[in-house]
Amino acid sequence: MDNYAAVLHGPCDLRIENVPIPEINDEEVLIKISCVGICGTDVKLYYSGKCGLEVVEAPMVIGHEGAGVVAKVGDKVRGLKIGDRVAIEPTQPCRRCEFCRAGRYNLCDGPRYCSTPDGPGNICRYYKHVADFCHKLPENVSLEEGAAIQPLAIALHACNRAGITLGSSLVILGAGPIGVLCAMTAKAMGAAKILMTDVVQSRLDIAKKLAADYTVLVKSEYSDEEIVEKIIQTLGGRPRITIDACAFPSAQRVSMLVTKKGGTVLIVGIGDTTVEVPLSGTVLREIDIRGSNRIVNTYGPALAAVASGKINIKQFITHHFPMEKTEEAIQLAKTGAAMKIIIHVK
């Protein structure tokens, strides 16, 4: 059997190649991939060869928002069988370090994470994964929605870290896929007022349709102080919670300047290694600054929210491409004209 895959060899060098079908161990399953979402991480890897601390040093299969059908199961696997449709939580933590033992496996010191130098991605026909991080899809959840569960689970973890509660007032900087999913999740969690900002009006239009109550278009000539004032005027006050979902230095500065005393700034976007921010004033106003890294214990709740209709993720999926046009899909994602792009693997 052929196992064609989207293999990144370096910046702007993506090739569709036939790679070996992986051999599974007793605790793994082999999955015939059906759908994979394109993520901002894929865009950064494609154009620069790196994302955050991850650097492409050898050819690697990309993609980490996968869903497919179980094709083979290991001898010790329980709860999954051939033919089951699954969403793949793209991590394989060590299960032994202090963080794994405390249930915070997203901070594991030595995980194999999908689509990194430590673990191949899943824009391919056949992919192997540890069985207990493969989540069976409810009957009313499609494989396309299953692929979009990964970014939703990220958004849910971010909203948990931010402390969203019934009646929360919040600002989300960045109306890309994660920002919009954070808004949809916050709305489902009971947030009363959500304002979103972005530099692209079409993204704000989608955000307003899906979850945002207010939007602010940010222009390049605006100063940080002007953006803060526009947010306060539009929202009718300062937010208790601000989520930075784009990770631009200006957004991180604005998040700290606009949040009310005693509030929380949650950073979910991956930005530059070093950023200059107004830290002293933030500290004196006792604003909590928190990070959100990947996913921890939110795949199940995200699936349940979609299956129950609490979050309609279908309307979040805007574009579809076959695997052989993965490069074209990534180029579209970079423009900001799409929300969630799904790669269909055959």
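Only this structure's heavy atoms are used, side chains among them; waters, hydrogens and symmetry mates stay out.
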Side-chain donor/acceptor of [X] to backbone N/O of [Y], under 3.5 Å:
X      : Y      : value
Ser34  : Gly68  : no
Thr259 : Met256 : no
Asp198 : Gly174 : no
Arg85  : Pro138 : yes
Asp84  : Val70  : no
Ser308 : Ala305 : yes
Arg161 : Gly291 : yes
Asp244 : Cys246 : yes
Arg125 : Lys32  : no
Asn297 : Gly103 : yes

For [X], what residues pass the salt bridge (Lys or Arg N to Asp or Glu O under 4.0 Å) criterion, not counting sequence neighbours?
X      : result
Arg101 : none
Arg253 : Asp224
Lys230 : none
Glu144 : none

Could you note down all residue pairs passing ring-ring contact (aromatic ring centres under 6.0 Å, His included) where residues 210-248 supplies at least one of them, sequence neighbours left out?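 Every pair satisfying ring-ring contact (aromatic ring centres under 6.0 Å, His included) with a residue in residues 210-248: there are none.
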Which residue pairs satisfy the ring-ring contact (aromatic ring centres under 6.0 Å, His included) criterion with at least one member in residues 302-331, sequence neighbours excluded?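 Applying ring-ring contact (aromatic ring centres under 6.0 Å, His included) to every pair that reaches into residues 302-331, excluding sequence neighbours, yields His320-His344.
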With sequence neighbours excluded, residues passing ring pair (Phe, Tyr, Trp, His ring centres under 6.0 Å) with Tyr126: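 Residues passing ring pair (Phe, Tyr, Trp, His ring centres under 6.0 Å) with Tyr126: none at all.
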Verify the neighbour count for atom [atom1] of [X]: are there more than 12 heavy atoms of other residues, nucleotides or ligands below 6.0 Å?
X      : atom1 : result
Arg238 : CZ    : yes
Lys325 : NZ    : no
Glu276 : CD    : no
Arg96  : CZ    : no

Sequence neighbours left out, cut at 3.5 Å: what donor-acceptor pairs do the side chains of residues 22-29 make with other protein atoms?
from: Asn25; atom 1: OD1; to: Glu27; atom 2: N; distance (Å): 2.8
from: Asn25; atom 1: OD1; to: Glu28; atom 2: N; distance (Å): 3.1
from: Glu28; atom 1: OE1; to: Asn25; atom 2: N; distance (Å): 2.9

Calculate, to the nearest 0.5 Å, the distance between atoms [atom1] and [atom2] belonging to [X] and [Y] respectively.
X      : Y      : atom1 : atom2 : value
Arg294 : Thr41  : CZ    : OG1   : 8.0 Å
Leu170 : Lys187 : CG    : NZ    : 9.0 Å
Glu89  : Leu303 : CD    : CG    : 10.0 Å
Ile194 : Cys182 : CD1   : SG    : 9.5 Å
Ile313 : Ile149 : CD1   : CD1   : 5.0 Å
Ile267 : Thr242 : CD1   : OG1   : 10.5 Å

How would you list, by chain and number, every residue that makes a side-chain hydrogen bond (donor to acceptor under 3.5 Å, both in side chains) with His129, sequence neighbours excluded?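 Testing His129 for side-chain hydrogen bond (donor to acceptor under 3.5 Å, both in side chains), a comparison that skips the adjacent residues, returns Gln92, Tyr127.
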Parallel under 30°, tilted from 30 to 60°, perpendicular over 60°: which one fits the rings of His64 and Tyr113?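 Correct class here is tilted.
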For Thr335, which residues count as a side-chain contact (heavy atoms from CB on, under 4.5 Å) partner, sequence neighbours excluded?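 side-chain contact (heavy atoms from CB on, under 4.5 Å) check on Thr335 returns Leu332, Ala337.
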Does a side-chain heavy-atom distance below 4.5 Å link [X] with [Y]?
X      : Y      : result
Met323 : Lys346 : no
Ser250 : Val218 : no
Tyr46  : Ile62  : no
Pro120 : Met60  : no
Ile88  : Cys114 : no
Val345 : Asn122 : no
Pro93  : Cys100 : yes
Met189 : Asn160 : yes

Within one Ile-Leu-Val-Met-Phe-Trp-Tyr cluster: [X] and [Y], side-chain cutoff 4.5 Å:
X      : Y      : answer
Ile311 : Ile178 : yes
Leu204 : Leu235 : no
Val36  : Ile317 : no
Val199 : Ile172 : no
Leu195 : Ile241 : no

[X] to [Y] - nearest heavy-atom pair and separation:
X      : Y      : value
Leu266 : Ala158 : CG-O, 3.7 Å
Gly146 : Leu137 : CA-CD2, 3.9 Å
Leu152 : Leu181 : N-CD1, 3.6 Å
Ala333 : Arg203 : O-NH2, 4.1 Å

Would you mind listing the cluster partners of Val7? Hydrophobic ones only (ILVMFWY), side-chain contacts under 4.5 Å, chaining allowed.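 Val19, Val61, which link up through side-chain heavy atoms under 4.5 Å apart, make up the rest of the cluster.
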Under the side-chain hydrogen bond (donor to acceptor under 3.5 Å, both in side chains) definition, can you give me all pairs with a residue in residues 65-79, not counting sequence neighbours?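 Only Glu65-Lys340 qualify under side-chain hydrogen bond (donor to acceptor under 3.5 Å, both in side chains).
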